Number of protein chains: 2
Amino acid sequence: MTNVDLQKTNAVEPEARAGDARAEAFQGVRAARRNELAEDYVELIAELIHNQGEARPVDIATKMGVTAPTVAKTLDRLARDGLITRAKYRSVFLTEEGRALAKECRHRHEIVLRFLIRLGLDPETAEHDAEGIEHHVSERTLALFAAFANRS
Amino acid sequence: MTNVDLQKTNAVEPEARAGDARAEAFQGVRAARRNELAEDYVELIAELIHNQGEARPVDIATKMGVTAPTVAKTLDRLARDGLITRAKYRSVFLTEEGRALAKECRHRHEIVLRFLIRLGLDPETAEHDAEGIEHHVSERTLALFAAFANRS
DNA sequence: GCCAAAAGTTAGACAAGGCTAACAATCTGC
DNA sequence: GCAGATTGTTAGCCTTGTCTAACTTTTGGC
């Protein structure tokens, strides 16, 4: 039941010891951080499939800037969590759930990126910052970003 | 030198195998992630010292929403990295370097927060999102945020 | 169709950041 | 000033995310 809640970035954290809003905020941020890497991978895999026709571990390693064994281990986790399927020595496929997550990530990424550029940031820095920011933007903030990016 | 370059587990971060801007971006984001927790702690410690007169582990644990042993281990790392000093069973102090980092974090936090509120976000969500976003904002973006927040 | 290069996997190490359980020190209220 | 509560520490375990070294499988050039 792990990754369904990836989607609701601003979901109420059930854990948080009652009372301290700050603790809840930090716990929420930590929860988001735990999912960032999975989101990055899924987004990249979707992109590779779209651009190259398939997602091969070697390309994932290159794009992510990590080594092949790191990719292998991470892919195992993603498979375990139901986001991808894979067979030995074969390229990687997204599950239905993985595709949904990828789509949502791409959507968020696009909005954050367009927002930053609209703000006046150069495209390169915008791309870099969007990569970091996109995982920490609530639905509400995303809506404001979209409105700003689309304003005439 | 706000930078701290914490945990040089790999001594020299090999700054991205040449060529792939994407890989560099991801490596940058991962590098930022490594410092987030330290920054959160240092910022919180500064705040506790300011508000309560001292930073006690029990309060850090409460505010961060983690257990006491987790705090202890993290504080040991912060001490090892020169951001704080501590004595057994005593409260925590920031080093010069820790104070500098805290100041910079607070500055960034303030700007991001004011920016989000200026954008139209409710203060509570703004506080929550700022917590996540502040670690991923480049100098350039921060400047644009500040300008937007201050515009008349 | 063979064989070397490229790609992928496995094994094993290590640090960070979490946890619980158990113990030690400090503080407080009589 | 002492007992019990609170606070802090230590030990040990787990997962994630990273690496290197060594091995296996697939692929492509000739």
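Each chain gets a letter, A, B and so on, in the order its sequence line appears, and its residues count up from 1. In this text the structure is predicted, and so the values were computed from the model without any measurement.
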By nearest heavy atom, map Ala87(A) and Thr74(B) onto DNA chain C; which one lands nearer the 5' end? Ala87(A)
For Ile84(B), the option from Thr74(B), Asp76(B), Leu78(B) that meets side chain to side chain contact (heavy atoms under 4.5 Å, CB included): Leu78(B)
Expected output is a numbered-order residue list: members of residues 47-54 of chain B with a heavy atom under 4.0 Å from any atom of DNA chain C. What is it? none
For Arg77(A) and dT15(D), is the shortest distance between a side-chain N/O and OP1 or OP2 below 4.0 Å? no
Between Thr70(B) and Arg56(B), who's closer to the 5' end of DNA chain C by nearest nucleotide? Thr70(B)
Can you tell me how far C1' of dT16(D) sits from CZ of Arg30(A), to the nearest Å? 15 Å
Check the distance between dG17(C)'s P and Leu37(A)'s CG and give it to me in whole angstrom. 15 Å
Any side-chain heavy-atom pair of Arg106(B) and His50(B) under 4.5 Å: no
Cut-off 3.5 Å, side chains only: do Thr62(A) and Asp59(A) have a donor facing an acceptor? no
I want to verify a distance call: between dG8(D), dT9(D), dC19(C), whose nearest atom is closest to the Val58(B) side chain? dG8(D)
Once you apply a heavy-atom cut-off of 4.0 Å, does Arg33(B) come out as touching a base, just sugar-phosphate, or nothing? nothing
Check Ile45(B) against Ala55(B) and note the closest heavy-atom contact, atom names and distance. CG2-CB, 3.8 Å
Measure the shortest side-chain to side-chain distance between Arg33(B) and Leu37(A) over non-hydrogen atoms and say whether it is less than 4.5 angstrom. yes
From the list dT9(C), dA16(C), dT9(D), which nucleotide is the closest neighbour of the side chain of Pro57(A)? dT9(C)
Looking at the side chain of Lys73(B), which of dG18(C), dC19(D), dT18(D) is the nearest nucleotide? dG18(C)
Can you confirm if the NZ or CZ of Arg151(B) lies within 45° of the ring axis of Phe148(B) and under 6.0 Å from the centre of its six-membered ring? yes
So what does Lys88(A) touch, heavy atoms closer than 4.0 Å: a base, only the sugar-phosphate, or nothing? sugar-phosphate
